[in-house]
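Computed from heavy atoms alone, side chains included, the values below leave out hydrogens, waters and symmetry copies. Just so it is clear, the structure is predicted and the values come from calculations on it, not from any experiment. Atoms within each ligand, like the ligands themselves, are counted from 1 in listed order.
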Amino acid sequence: MADSPKLLFIDSYDSFSQNIVALLSDSIQADIEIIQNDDERFITEHGSIRHDHFRIFLQSFDAIVAGPGPGNPTKSADVGLITALWDLPHQSLLPVLGICLGFQSLGFHFGANVRRLTHPRHGIIQNVAHTKEDIFKGVENVQATQYHSLHVDLGCTNSTWIPLETCPSLLPLAWILDDAENGAILMALKHMKKPFWGVQYHPESICTNPEGGKIISNWWWEAKAWNESNRRRRIDSPMSFSPLEQPAPDIPDDLGEGSLLLPLSIPVNGKPSTFHISSSAYSKSLDQCGWTVQTACQALEASDRELIVLESSNTKVLTGKYSIIGLILDDTIRIHYFAASHMLQIRDGQDHTIFECVVDDAWAYFREFMKNIQVSIVDAGAVPFSGGLMGFISYEAGLDTIGITPSSSPDGQPPSDIAFAFVTRSVVFDHTQKRIVVQSIGAEDEDWVRKTSALLSSMDSDTASPSFMTPAPTVSVQYSPDPKEYCDKVKSCQEEIRAGNSYELCLTDRQILEFDGSCSNDNLPWTLYKQGAFHNPAPFSAYIRLGPLDRGFNILSFSPEKFLSWNREGTCEMRPIKGTLKKTTSDGRRLTCADAEDFFQSPKERAENLMIVDLIRHDLHGALGAGNVEVTKLMGVEEYETVYQLVSVIEGKFKQRTMMAEAVSSSPTDTRPLLAIPSRRLREESLQPRTQRAASGVDVLACSLPPGSMTGAPKKRSCELLQSIEGNQPRGIYSGVLGYMDVGGGGAFSVVIRSAYRWDGDAARWHIGAGGAVTTLSGPEDEYAEMVAKREAALLMFKAIKR
Ligand SMILES: C=C(O[C@@H]1C=C(C(=O)O)C=C[C@H]1O)C(=O)O
Ligand SMILES: NC(=O)CC[C@H](N)C(=O)O
């Protein structure tokens, strides 16, 4: 729209920025450009601002919003370009709204002190008293979410509505007056002569009431009035400041074709090889009879070879509707990615690398892969998976997507940071309909579907009777966090939060257990998996064994937490869990659901959950744009086998990039281009609001890693702090995600928690991560106990089943 307002949003690497952008776009229909506060076009790497360039750039905007962020406004590295706004000469002046860190920077610049709150307020909702004037005109009772450790101190002890001698140019507009622990906290102000306003609270938070959000449109009226009375008009395109070109990715010469970075085949042993899949899925649906996911795996002789199983072994909960057995064949293609080197590898069925390349952005590759590989689903909607990529994405791969160099471990690393197998044959259990779907997207594979359906149509009592385990071999604990050290780490997290560097930190640690004897004996991982699923039936249990005996890995997961799913129609859903209560108290009492409801009323638990809900809204807004994100469940209590959890649900909508019809081919067997090498960085694209560009499930996935519930907020700074507090120990597969991307256009991933993993070459050692969200309201000993409670859920798999 030619006459829609054009705003600049300066982001300080916050995890709520896209929510503010969405609010601006909804409230004032603005066209918004986002830059980081250290945009290298306007700031040198030593931190000096190129004022001349920046001022020319600002001419093309009607107004600016300086957003929230980690850190302290008195530190120029934390606010960057924001400080340049307050000194703009008269002829360059334009209206600015500072939010939280932006507000604190405004106050500090014009003489106020910025101090620590006695009790930081993160995810806390309080009443805000205001003047009903200016940006609060027509605003009634404001209830607002706070995310701050610091506050603007004007130099008075009592609240007041007039400027003070200490900062004569600052007019207070709003306060929190009923905070017994902190005293009065300034919530909004304006500059008396310049067009600068600021608010401390977060108008965009899901828990700020609509009255609190009204200040956005009010500010825009004030800003417009100022522009009109000062005859300021933006100048469209005063000078082009296009983002710096990315260096072209390094592409080997021998890929043939050469047409716009898209080789159409993979060379195998020097010869071009093609990738055969059927253009439509072939499937048969059967009655479940007495089969369970595990007995079916055994009947298919799949459990003693490479295999990926995603099992909803707790079908009582809403999310546990389907289970998927993904069979790994002798010719199953695998894709691996190493975050530290950015190396992408395609491997054949024997796990030999047939192609490798350093890529600029692995996600652009996966996006192209899924687009090119779409298959028409004849019976669309029957089951959510027809075939496609199944595997995991490590926490470190997630760090890579947000521009953090992953730590590497002195005691070895898992085999890669991303590993997917392209599954063509699968068996899906639909637990609600009590049906099994046997299907293949392999070329000319109808025969296998027929035979397998025949096998699973009849119940063979030998294979179907559950086989129970012998007592597990002895295990010794190789590493376990020391309680005192863990408590000290909790305190370090809290110190960072008090200093304003984070709002919440999800601290984790690991335990390493070693078995006597070899892990591959008697297929111990499968035994452990069955034991774990028996003792701790979770909606997102998973068994993964990939790779040959000496170079592969195993993951056993009993996760209660869905990370992200998207369906073929383009709706996605995220279900963060934050808030954990053990069902049995230390004195052996069993807690009821009503006890849990009571417990989860506590401001601490709700604050932790709220912060992650807002963070995920930001991640989704970043991928999908304003108007496409909705919170459909806010802090519901859910019951699991050993714990109660506080769960929220956030949904998003995107238009599918490729319509299914386009993917239907007339030939029954199709040769598909397998590889596309990215020419642009997704990370940079993702900064801009997604109104024009159609997103895909892969975009949403890439914009949301690493999972917010495992990091804390704001994500980037929190991950950096955690890296250092956790001693630069990589989290590996724990804290990452696992799941599938389906050829029909859907996908689903769970968070890898309450799980264990090992890899060949690391003997019989199992790695188990556990942790929890730390805020300033946490008690260090309670945090330690919570971490142990979560770890115990994973350790249940080491408990033999007794019958
Ligand atoms: C860190 C873990 O869990 C995460 C932290 C939670 C919490 O702080 O309440 C809950 C679920 C997970 O998002 C873990 O299980 O190890
Ligand atoms: N949300 C924010 O912008 C926080 C600002 C600042 N880092 C504080 O903690 O007070």
Side-chain angles (χ1 to χ4, degrees), residues 11-17 20 66-75 78-79 82 98-105 108 114-117 120-123 145-152 185 198-202 204-205 395 496-511 538 557-563 575-582 600 604-605 608-609 611-612 614 640 643-647 707-714 717 722 731 734-735 750-755 768-776 778 783 786-794:
D11 177 36
S12 294
Y13 295 92
D14 198 59
S15 283
F16 306 132
S17 302
I20 301 178
N72 189 311
T74 64
K75 291 191 186 147
D78 288 338
V79 273
I82 293 174
I99 298 179
C100 209
L101 185 73
F103 154 85
Q104 294 170 355
S105 173
F108 175 68
V114 172
R115 299 192 197 282
R116 289 184 182 197
L117 287 169
R121 296 290 182 231
H122 292 289
T145 307
Q146 296 162 265
Y147 289 116
H148 63 126
S149 300
L150 312 175
H151 72 117
V152 171
I185 314 172
V199 280
Q200 173 64 78
Y201 70 83
H202 280 246
E204 80 293 351
S205 166
Y395 178 74
E496 293 294 354
I497 296 170
R498 269 186 220 105
N501 294 329
S502 175
Y503 318 149
E504 164 169 334
L505 287 161
C506 184
L507 176 68
T508 72
D509 209 325
R510 75 223 144 98
Q511 189 170 60
S557 178
F558 308 94
S559 173
E561 185 168 350
K562 170 167 165 178
F563 173 53
R575 292 186 131 256
I577 293 185
K578 198 79 348 205
T580 304
L581 178 66
K582 222 177 140 177
F600 286 125
K604 171 187 180 294
E605 300 300 322
E608 285 180 19
N609 195 289
M611 252 180 279
I612 302 305
D614 277 337
Y640 293 89
V643 288
Y644 291 104
Q645 307 260 221
L646 199 57
V647 184
S709 61
M710 299 306 293
T711 63
R717 182 77 72 94
L722 287 165
R731 293 186 183 181
Y734 166 70
S735 280
S750 63
V751 181
V752 185
I753 50 175
R754 328 289 151 90
S755 55
I768 298 156
V774 176
T775 66
T776 48
S778 306
E783 285 304 322
E786 184 176 322
M787 182 273 288
V788 172
K790 288 172 182 156
R791 193 176 64 200
E792 276 168 5

E561 side chain vs I577 backbone, donor-acceptor pair below 3.5 Å: yes

Assess the pair Y640 and F558: is the distance between their ring centroids shorter than 6.0 Å? no

Check V199 against F103 and note the closest heavy-atom contact, atom names and distance. O-CB, 3.3 Å

Side-chain heavy-atom pair K604, S778 within 4.5 angstrom cut-off: yes

Looking at Y395, does the NZ or CZ of R731 lie under 6.0 angstrom from its six-membered ring centre and within 45 degrees of the ring axis? yes

Shortest non-hydrogen contact from G772 toward E786: CA-OE2, 4.2 Å

With sequence neighbours left out, write down each residue that passes side-chain contact (heavy atoms from CB on, under 4.5 Å) with N609, or none if nothing qualifies. K578, V613, M635, L646, S648

Parallel, tilted or perpendicular, as decided by the 30° and 60° cut-offs, for the rings of H202 and Y147: perpendicular

At less than 4.0 angstrom from any atom of ligand 1, which residues have a non-hydrogen atom? List them by chain and residue number. C506, E561, I577, K578, G579, T580, S709, M710, Y734, I753, R754, A770, G771, G772, A773, E786, K790

State which residues pass side-chain contact (heavy atoms from CB on, under 4.5 Å) with S149; sequence neighbours excluded, sorted by chain then number. P120, H122, I497

Close residues (non-hydrogen atom under 4.0 angstrom from ligand 2) work out to P68, G69, P70, G71, C100, L101, Q104, Y147, H148, S149, L150, H202, G500, Y503

